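These notes are about the structure you will find just below.
Because the structure is predicted, anything quoted here is derived from the model rather than measured.
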Amino acid sequence: MPTQPIKLYYLPPSPPCRSVMMTARALDIDLELVLTNIMQGEHKTPEYLKMNPQHTIPTMDDSGFILWESRAILTYLVNAYGRTDSLYPKNPRQRALVDQRLNFDLGTLYKRYMDLYAPMLFHGQGYNDEAAEKLNEALGWLNSMLEGRVFVAGDTLTIADISIVVVFSNLEAFGFDFSAHENVAKWFERTKKSLEPYGYEEIDQAGARMLASFLKKE
């Protein structure tokens, strides 16, 4: 375990921050949470830019080891402090599946979620049906990946599930209907229950509802 709490620069509604926080809980790692209000430019101070020139959240400081990009942080935490490899298996083929799902999340699923909702959240734009169709297409691909599987990369919960579930917590809070994707809907309920001991409601669900309240103000 870390010799001192790992600093995590975060904002509660941020989906990537929420995935890191739940993973830390699952690994029984203490975090020193440093609230970083990007709306007030706290991520663009000289001190922050020196630490992370991309000025993104979450950013981790583990006794001077700085890392950003949530999925990289997830893999680091398990590799460095996991008592077992269940969240990120060492078996090459099992790990490759987890990595593929993380890449699918970053490059396709989360991107398409952002393509639809970022303009609404940050610029007050209206609902884009074309972007919604693209997101729904990605949900269909995930539905196929889940065929015959309990979780996204196999029969046990991994960091891929934790990274992806935050998207669905948002979609649920925003009222996006994905019930037509039966495997996805069942996986979401299963994953929520699995993450209850690791702060699902207080971290992920609460953060998603906070974002939804911003959306409704636009």
Pairs flagged by salt bridge (Lys or Arg N to Asp or Glu O under 4.0 Å) wherever residues 152-172 is involved - sequence neighbours left out: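 Output for this query lists Glu172-Lys192.
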
Any salt bridge (Lys or Arg N to Asp or Glu O under 4.0 Å) involving residues 127-148? Give me the pairs, sequence neighbours left out, ordered by first then second residue.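 Qualifying pairs, neighbours excluded: Arg112-Glu137.
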
Shortest non-hydrogen contact from [X] toward [Y]:
X	Y	answer
Ile73	Pro58	CD1-O, 3.9 Å
Ala72	Leu67	O-CD2, 3.7 Å
Pro119	Met114	CD-O, 3.5 Å
Pro2	Tyr81	N-CE2, 3.5 Å
Thr108	Ala138	CG2-CB, 4.0 Å
Asn37	Glu42	N-OE1, 2.8 Å

Is a donor on one side and an acceptor on the other found under 3.5 Å between the side chain of [X] and the backbone of [Y]?
X	Y	value
Asn143	Asn183	yes
Ser163	Ala160	no
Arg190	Val150	yes

Will you find, in the side chains of Tyr76 and Asp62, an N or O donor that is under 3.5 Å from an N or O acceptor?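 On atom types as modelled, these side chains qualify, holding a pair under 3.5 Å.
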
Return yes if a side-chain donor-acceptor contact under 3.5 Å exists between Ser169 and Tyr200, otherwise no.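 There is such a pair (donor and acceptor under 3.5 Å, judged by atom type) between the side chains of Ser169 and Tyr200.
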
Using the side chain to side chain donor-acceptor pair (under 3.5 Å) criterion, which residues pair with Ser19? Sequence neighbours excluded.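 With neighbours one apart ignored, the set is empty.
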
All salt bridge (Lys or Arg N to Asp or Glu O under 4.0 Å) counterparts of Glu182, not counting sequence neighbours: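 Partners of Glu182 by the salt bridge (Lys or Arg N to Asp or Glu O under 4.0 Å) criterion, ordered by chain and then number, come out as Lys186.
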
Under the rule for salt bridge (Lys or Arg N to Asp or Glu O under 4.0 Å), what residues qualify as partners of Lys90, not counting sequence neighbours?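 Not a single residue meets the salt bridge (Lys or Arg N to Asp or Glu O under 4.0 Å) criterion with Lys90.
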
Between Lys111 and Asp115, does a salt bridge (charged side-chain N to carboxylate O under 4.0 Å, His left out) hold up when you go through it step by step? CA-CA 6 Å; Lys111 180 183 182 301; Asp115 287 345; 3.0 Å; yes

Applying side chain to side chain donor-acceptor pair (under 3.5 Å) as the test, list every pair that has at least one member in residues 22-31; sequence neighbours left out.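 Every pair satisfying side chain to side chain donor-acceptor pair (under 3.5 Å) with a residue in residues 22-31: Arg25-Glu202.
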
With under 30° as parallel and over 60° as perpendicular, where do the rings of Phe174 and Tyr117 fit, or are they tilted in between?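 Ring orientation of Phe174 relative to Tyr117: tilted.
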
Check whether the ring centres of Tyr113 and Phe176 lie less than 6.0 Å apart, and answer yes or no.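 Ring-ring flag for Tyr113/Phe176: false, centres at least 6.0 Å apart.
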
Side chain to side chain donor-acceptor pair (under 3.5 Å) partner of Tyr88, the single match among Thr158, Asp99, Thr75: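 Output: one option passes, namely Asp99.
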
